[in-house]
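Step one of this worksheet: look at the structure below.
Only a predicted model underlies this, so the values are computations on that prediction, with no experimental measurement involved. Within every chain, numbering begins at 1; the chains are lettered A, B, ... in the order of the sequence lines, protein sequences first and strands thereafter.
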2 protein chains.
Amino acid sequence: MRLIEHEGVGAVSMRRVAAELGAGTMSLYNHVPSKIALLDYAAEQIMADIEPYTVETDDWRDHMRAHARAVRDHARKHPRAFVLLATRRMSGDVGLRPIEVALMNLERAGFKGEVAVRVVRAMVSYLLGTLTREMATTPELGGVALSPYQPIDPEAFPRSSAVLDELGRYDHDMEFEFGLELMIKALEQYSEG
Amino acid sequence: MRLIEHEGVGAVSMRRVAAELGAGTMSLYNHVPSKIALLDYAAEQIMADIEPYTVETDDWRDHMRAHARAVRDHARKHPRAFVLLATRRMSGDVGLRPIEVALMNLERAGFKGEVAVRVVRAMVSYLLGTLTREMATTPELGGVALSPYQPIDPEAFPRSSAVLDELGRYDHDMEFEFGLELMIKALEQYSEG
DNA sequence: CGCTGCGACGTACAGCGTACGTAGCTGGAT
DNA sequence: ATCCAGCTACGTACGCTGTACGTCGCAGCG
């Protein structure tokens, strides 16, 4: 985990890990069947370390906001490790816990059964999408910090060039909250109609 | 592209590509500065190949549905190649064109300027999230096709075990449309109030 | 005492990206 | 006609990767 957070997933090699542990390279294989399994385990660890949120009200919206923000906070604290979660599918208790929490909360909002599962999945998709994109733009290692847009041809892309400033600016806080509120609005309306 | 689609991004090596082209490995470097640049170019190609949607009405909702479905259809046609888009940020004309189309359509719905950009980004995040997840579960190469959930402890996870069947089933069509309609509902409400 | 199993370790192999040096050809300048 | 610059192709080599395989020593048990 230390290696991942300091130098990124790409820096993880069996030789590096073994050296960091002061052990022989192949000794690792007595504890882990393959490198993939090692990274799977690291991903589980990251997922398990997401801090449980606390909230004072009983409003499902506040719970949803708090839960989403807890995930995002965790991602921002471990940006290089978080990418491991994007592609992996978690099947154990570790992956089930946040789902259980979400289902519990959605029950408050009147969502049950199949629909609740769909809502959870839509939410997870949005979260994974924004956070993956946000982490990809953090300046540390490879991320583009500032405006990646050269002057745009206004004839070919009139709308884009009209909002060129906004396209080049990234206010991740704002954008995250915007998308989150969008989802909440949608769910409010869904549960009513 | 042939190599990516048949054997996945992981099978792409400079030696393989060169062999496929009947050329020497290092000859590739006369046309491409690095392997990363090669994959960047492949990603651009994939993005450029997304088929423009056609729609008969002027309703922004129908346009949004058609656009989203066009992206998904493309992703499903080239599942192994599509993952290249998840992490990359496109800055040229190729990346701008879909944005321009989206902005044009959002104008119909009354979204302009900064807000329109935020809507586009939220939409892109959702699309990238669902499609990444969907592609990760396609049975071809590495995907888990059927229920990955072992029997769940009903005491620890009562809600999850109540919907165990749904958790194990993936109806990607349904789920995609569900999330899409959720976003549309949210935007409708947003533009009204 | 001897055996069995497990953890640690070194060696080796096939493959990777690419830096570097070296050819051959081709078009323009002299 | 001659020469040279620049482009493309290619082979070799370096340092890295994941891991299959064989060996060694030690701990626990019959």
Strand-adjacent residues in residues 14-22 of chain B, judged by heavy atoms under 4.0 Å from DNA chain C: Met14(B), Arg15(B)

Strictly under 3.5 Å: I want the nitrogen or oxygen pairs between protein and nucleotides 7-9 of chain D, one per line.
{"unit_1": "dA9(D)", "atom_1": "OP2", "unit_2": "His31(B)", "atom_2": "NE2", "d": "2.5"}
{"unit_1": "dA9(D)", "atom_1": "N7", "unit_2": "Asn30(B)", "atom_2": "ND2", "d": "2.8"}

Is the NZ or CZ atom of Arg121(A) positioned over Tyr170(B)'s six-membered ring, under 6.0 angstrom from the centre and within 45° of the axis? yes

Name the nucleic acid region contacted by Val32(B), choosing base, sugar-phosphate or nothing; use a 4.0 angstrom heavy-atom cut-off, strictly under. nothing

Have a look at Leu131(A) and tell me which of Arg72(A), Arg76(A), His172(A), His74(A) forms a side-chain contact (heavy atoms from CB on, under 4.5 Å) with it. Arg72(A)

I'd like to know whether Met123(A) forms a side-chain contact (heavy atoms from CB on, under 4.5 Å) with His67(A), so could you lay out the CA-CA distance, the side-chain angles of the two residues, the decisive distance to 0.1 Å, and finally the verdict. CA-CA 11 Å; Met123(A) 203 64 201; His67(A) 200 172; over 6 Å; no

For the hydrophobic clusters of this structure (ILVMFWY residues joined by side-chain heavy atoms under 4.5 Å, transitively), does one cluster hold both Tyr41(A) and Val94(A)? no

Applying the 4.5 Å side-chain criterion to the ILVMFWY set and letting contacts propagate, would Val71(B) and Val101(B) be lumped into a single cluster? no

After noting the C-alpha distance and the side-chain angles of Leu28(B) and Leu38(B), does the key distance pass the side-chain contact (heavy atoms from CB on, under 4.5 Å) rule? CA-CA 10 Å; Leu28(B) 300 182; Leu38(B) 184 83; 5.9 Å; no

Parallel, tilted or perpendicular: which describes the rings of Trp60(B) and Phe111(B), with under 30° parallel and over 60° perpendicular? perpendicular

side-chain contact (heavy atoms from CB on, under 4.5 Å), that's the test. Do Arg133(A) and Arg89(B) meet it? Break it down for me. CA-CA 9 Å; Arg133(A) 281 164 56 80; Arg89(B) 183 158 302 266; 4.2 Å; yes

Please determine if Glu188(A) and Arg61(A) form a salt bridge, counting it only when a charged side-chain N lies under 4.0 Å from a carboxylate O. yes

Check Arg69(A) with Glu177(A), please: is the shortest side-chain N to carboxylate O separation under 4.0 Å? yes

On DNA chain C, reading 5' to 3', which nucleotide is the first and which the last to sit with an atom under 4.0 Å from a heavy atom of chain B, could you check? dC16(C) to dC20(C)

